[in-house]
Amino acid sequence: MTIDAQPVASHFIDGKPIEDEAGENLQVIYPATGEEVASLHYATPAIVEKAIAAAKAAQQDWAAMTGTERGRILRRAADIMRDRNRELSQLETIDTGKPLQETLVADATSAADALEYFGGLAGSLTGEHIPLGNGDFVYTSRHPLGVVVGIGAWNYPTQIACWKGAPALACGNTMVFKPSETTPLCALKVAEILSEAGAPDGVYNVIQGAGEVGASLVSDPRVAKVSLTGSVPTGRKVYAAAAAQMKHVTMELGGKSPMIIFDDANIEDAVSGAILGNFYSSGQVCSNGTRVFVQSSIKQRFLDRLKERLETVIMGDPLDEVTNFGPMVSAQQCEIVMGYIEKGKAEGAQLVTGGARADMPGYFIQPTVFADVKDDMTIAREEIFGPVMAVLDFETEEEAISRANDTEFGLAAGVFTNDLTRAHRVIGQLEAGTGYINTYNLAPVEAPFGGIKASGVGRENSKEAINHYSEARSVYVAMSEVEAPY
Ligand code: NAD
């Protein structure tokens with residue numbers, strides 16, 4: 001590999017890279033080979049302190065700029081990001097192992113979309129005038145929350161850094177972002193680019209660390225809000241810690257989302273949707289539709305075509321643009337996923353294809369499909385976060401809806417059918433924050449994204465996100481004498 005992944009320093013605080021070698025060593029491993037590609041340090045308490053202090057010091061001046069000025073900086077950052085898409089995508093591929101074919105179109109590009117979209121909105125964040133009939137009125141205004149902490153998962157490191165950073169900064173907050181310890185590289189680039197685009201020092205800071213560093217950020221009283229992308233168990237801990245100080249939260253958590261394929265669906269589209277919803281990023285996508293309910297009469301046709309298409313997957317060097325299926329992000333994730341595959345076999349699901357590690361270096365697992373999966377099997381209940389699809393049969397619409405909803409999660413849901421009224425009727429009853437009809441897993445910045453039930457709180461993207469990174473205040477204005485009873 002010829003790309004130099006080693007950053008100049010582990011952290012980016014107050015407009016510059018900064019190192020503290022007293023922090024524990026953090027090795028960055030390229031998942032396609034298992035080799036170390038960079039070496040960083042976890043944040044020490046001194047680094048955590050510096051980052052929060054820098055964000056706190058910068059916040060009022062940043063908020064005092066007009067929204068248009070803040071937006072211009074974000075839009076400039078979006079342009080820089082697009083200009084450097086290839087370089088950023090290569091780094092993301094090294095950080096995550098995802099094929100370059102994917103990172104070129106779905107990470108820095110999506111991050112740039114968020115910077116552009118929220119940059120465009122920043123100048124229009126206004127309040128309301130509310131007439132009260134007697135001449136009195138109320139006006140409202142939108143205010144930033146203050147210092148926002150962003151904590152990321154490892155599957156979309158550039159995108160997550162911007163899905164949180166862009167709305168936070170547009171609203172006049174400053175940010176301390178902690179990427180996942182598994183993928184620490186890309187967020188540093190986001191910080192550099194924002195700085196180059198004109199973000200004042202301290203507005204967007206990045207520090208490295210695992211859960212402990214994350215927890216120390218969450219509990220700091222100077223932090224007003226925490227936005228986490230991670231698993232449900234981590235979400236419960238972070239939400240509880242934030243609640244202790246009555247902080248705002250956005251929780252983008254895990255899922256076990258259903259996809260329901262009716263017998264009148266276009267089979268080719270349904271297979272494509274199931275492939276996108278289970279094997280893109282080697283299955284490491286939160287909104288994946290991993291419980292694929294297929295109406296019995298088309299089950300065999302669906303499985304045959306799915307197997308046929310999965311046999312054409314190209315596994316290999318993720319930096320080669322021909323490769324369309326990469327490894328798991330880490331040895332640990334590979335082990336977790338293999339554990340689920342073994343459970344699937346042991347609990348009696350029928351293995352249709354895959355089911356083993358690929359015979360090559362790195363953490364590759366074959367795309368795996370189980371059929372005849374029952375609702376109570378482990379692979380139908382728990383989030384696997386790997387390339388493992390569970391296919392379940394169903395007979396009636398009512399049955400499919402009730403089984404699809406029988407989960408603690410509620411991130412996404414999809415329906416494939418050519419019956420227009422059934423499509424809307426079914427999607428309307430599925431308990432999910434993000435629904436799809438005849439497609440799966442698209443997440444344009446214009447649309448709200450997030451979960452219900454245990455899958456999360458708050459929404460990212462779209463105008464909705466503004467409500468989660470700012471708060472409304474109201475002022476009552478009396479235009480007449482004040483009446484008092486005595
Ligand atoms: P994780 O929960 O292990 O870690 C997420 C982040 O939280 C990491 O940065 C980690 O260091 C940090 N963390 C861990 N303990 C903490 C604590 N006590 N306090 C503060 N921070 C702490 O998740 P992961 O394995 O990195 O990512 C996979 C999970 O993320 C999956 O469950 C997936 O569904 C979810 N995810 C959700 C979305 C979404 O938008 N809903 C997107 C991507 C991933």
Side-chain angles (χ1 to χ4, degrees), residues 24 26 42-43 48 95-96 98 106-107 110 114 149-164 176-184 186-187 206-220 223 226-244 247 249-257 277 280-290 328-330 332-337 340 382-386 407-412 432-434 441 443 445 447-461 465 468:
E24 196 186 321
L26 168 56
Y42 284 21
V48 173
D95 223 358
T96 60
K98 292 190 297 177
D107 293 287
S110 159
V149 160
I151 300 177
W154 40 254
N155 56 346
Y156 283 81
T158 312
Q159 181 191 84
I160 293 172
C162 289
W163 278 22
K164 299 190 185 308
V176 178
F177 185 79
K178 188 201 82 61
S180 162
E181 60 274 30
T182 312
T183 54
C186 301
V206 172
I207 66 169
Q208 309 297 345
E212 209 176 306
V213 171
S216 68
L217 290 170
V218 174
S219 61
D220 191 288
V223 169
V226 182
S227 178
L228 169 79
T229 297
S231 60
V232 172
T234 304
R236 289 192 213 281
K237 281 190 231 161
V238 172
Y239 200 172
K247 291 178 186 182
V249 295
T250 294
M251 294 282 144
E252 289 294 350
L253 308 176
K256 189 76 197 175
S257 301
Y280 202 69
S281 300
S282 299
Q284 302 164 111
V285 179
C286 53
S287 47
N288 270 356
T290 47
M328 295 290 92
V329 75
S330 63
Q332 192 197 2
Q333 188 62 18
C334 189
E335 217 173 284
I336 292 172
V337 175
Y340 278 111
E382 295 182 15
E383 184 183 43
I384 299 175
F385 225 57
T407 165
E408 66 162 337
F409 300 110
L411 188 53
T434 307
N441 256 0
V445 69
F449 182 82
I452 63 171
K453 295 159 78 178
S455 292
V457 173
R459 290 293 174 269
E460 298 203 293
N461 289 342
H468 300 285

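Each ligand, and each atom within it, is numbered from 1 in the order the structure gives. Scope of the values below: all heavy atoms of this structure, side chains included, with no hydrogens, waters or symmetry mates.
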Discussion item. Checking the N or O distance criterion of under 3.5 Å, is ligand 1 in contact with T234?
Written reply: yes

Item to complete: Could you say whether the N/O atoms of G230 and ligand 1 ever approach to under 3.5 Å?
Response: yes

Discussion item. With heavy-atom distances below 4.5 Å as the criterion, would you say the side chains of V213 and V48 are in contact?
Written reply: yes

Worksheet entry | Close-contact set for ligand 1 against C286 heavy atoms, below 4.0 Å | 33 (C), 34 (O), 36 (N), 37 (C), 38 (C), 39 (C), 40 (O), 41 (N), 42 (C), 43 (C), 44 (C)

Discussion item. At less than 4.0 angstrom from any non-hydrogen atom of A215, what atoms of ligand 1 do you find?
Written reply: 19 (N), 20 (C)

Response to the item:
Closest heavy-atom approach to atom 6 (C) of ligand 1 among A153, G152, G211, S180 is made by G152

Worksheet item: Does ligand 1 have any atom sitting under 4.0 Å from a heavy atom of G451?
Response: no

Item to complete: Please name the pair of heavy atoms, one in F449 and one in A443, separated by the smallest distance, quoted to 0.1 Å.
Response: CD1-CB, 4.3 Å

Worksheet item: Measuring from S455:OG to E408:CD, what's the distance to the nearest 0.5 Å?
Response: 7.5 Å

Fill in: Nearest neighbour in protein (non-hydrogen) for atom 31 (C) of ligand 1
E383 OE1, 3.4 Å

Worksheet item: Cut-off 3.5 Å, side chains only: do K453 and T407 have a donor facing an acceptor?
Response: no

Practice prompt. Would you mind checking which non-hydrogen protein atom is closest to atom 7 (O) of ligand 1, with the distance to 0.1 Å?
Written response: I151 CG2, 3.4 Å

Fill in: T229, portion touching ligand 1 at heavy-atom distance under 4.0 Å
both

Worksheet item: With a cut-off of 4.0 Å, which atoms of ligand 1 are near a heavy atom of G254?
Response: 32 (O), 34 (O)

Worksheet entry | Pair W163, S227: side-chain N/O donor-acceptor within cut-off below 3.5 Å | no

Discussion item. Under 4.0 Å, counting heavy atoms only: does V226 come that close to any atom of ligand 1?
Written reply: no

Discussion item. List ligand 1 atoms under 4.0 Å from N155, heavy atoms only on the residue side.
Written reply: 43 (C), 44 (C)

Fill in: Nearest-0.5 Å distance that lies between atom SG in C286 and atom CZ in F409
11.5 Å

Discussion item. Going by the closest heavy atom to atom 25 (O) of ligand 1, which one wins out of F409, W154, W163?
Written reply: W154

Worksheet item: Counting only N and O atoms by type, is there a donor-acceptor contact under 3.5 Å from the side chain of Q333 to the main-chain atoms of F385?
Response: yes

Discussion item. Is there a polar contact between ligand 1 and K237, counting only N or O atoms under 3.5 Å apart?
Written reply: no

Practice prompt. Would you mind listing which atoms of ligand 1 come within a distance below 4.0 Å of any non-hydrogen atom of K178?
Written response: 8 (C), 9 (O), 10 (C), 11 (O)

Worksheet item: Any N/O of L253 closer than 3.5 Å to an N/O of ligand 1?
Response: yes

Practice prompt. Give the minimum heavy-atom separation between K178 and A210, together with the two atoms involved.
Written response: CE-O, 3.6 Å

Practice prompt. Please write down residue, atom name and distance for the protein heavy atom closest to atom 10 (C) of ligand 1.
Written response: E181 OE1, 3.7 Å

Practice prompt. Work out which heavy atom in K98 is nearest to a heavy atom in D107; give both atom names and the distance.
Written response: NZ-OD1, 3.0 Å

Item to complete: Could you see which bit of F385 sits under 4.0 Å from ligand 1, with heavy atoms only: side chain, backbone, both or neither?
Response: side chain

Worksheet item: If you measure from each non-hydrogen atom of V285 to ligand 1, which part falls under 4.0 Å: side chain, backbone, both or neither?
Response: neither

Worksheet item: S231 to ligand 1: N or O pair under 3.5 Å?
Response: yes

Discussion item. With side-chain hydrogen bond (donor to acceptor under 3.5 Å, both in side chains) as the criterion, how do T250 and K164 come out once you've worked through the C-alpha distance, each side chain's angles and the decisive distance to 0.1 Å?
Written reply: CA-CA 9 Å; T250 294; K164 299 190 185 308; over 6 Å; no

Worksheet, complete the sentence: The atoms of ligand 1 lying under 4.0 Å from a heavy atom of F449, numbered in the order shown, are 40 (O)

Fill in: Any donor-acceptor N/O pair, K256 side chain to E382 backbone, under 3.5 Å
yes

Discussion item. Whether the side chain of S281 engages the backbone of Q284 through a donor-acceptor N/O pair (distance < 3.5 Å, no angle test) should be reported.
Written reply: no

Worksheet item: Sub-3.5 Å donor-acceptor pair from the side chain of T434 to the main-chain atoms of G450, do we have one?
Response: yes

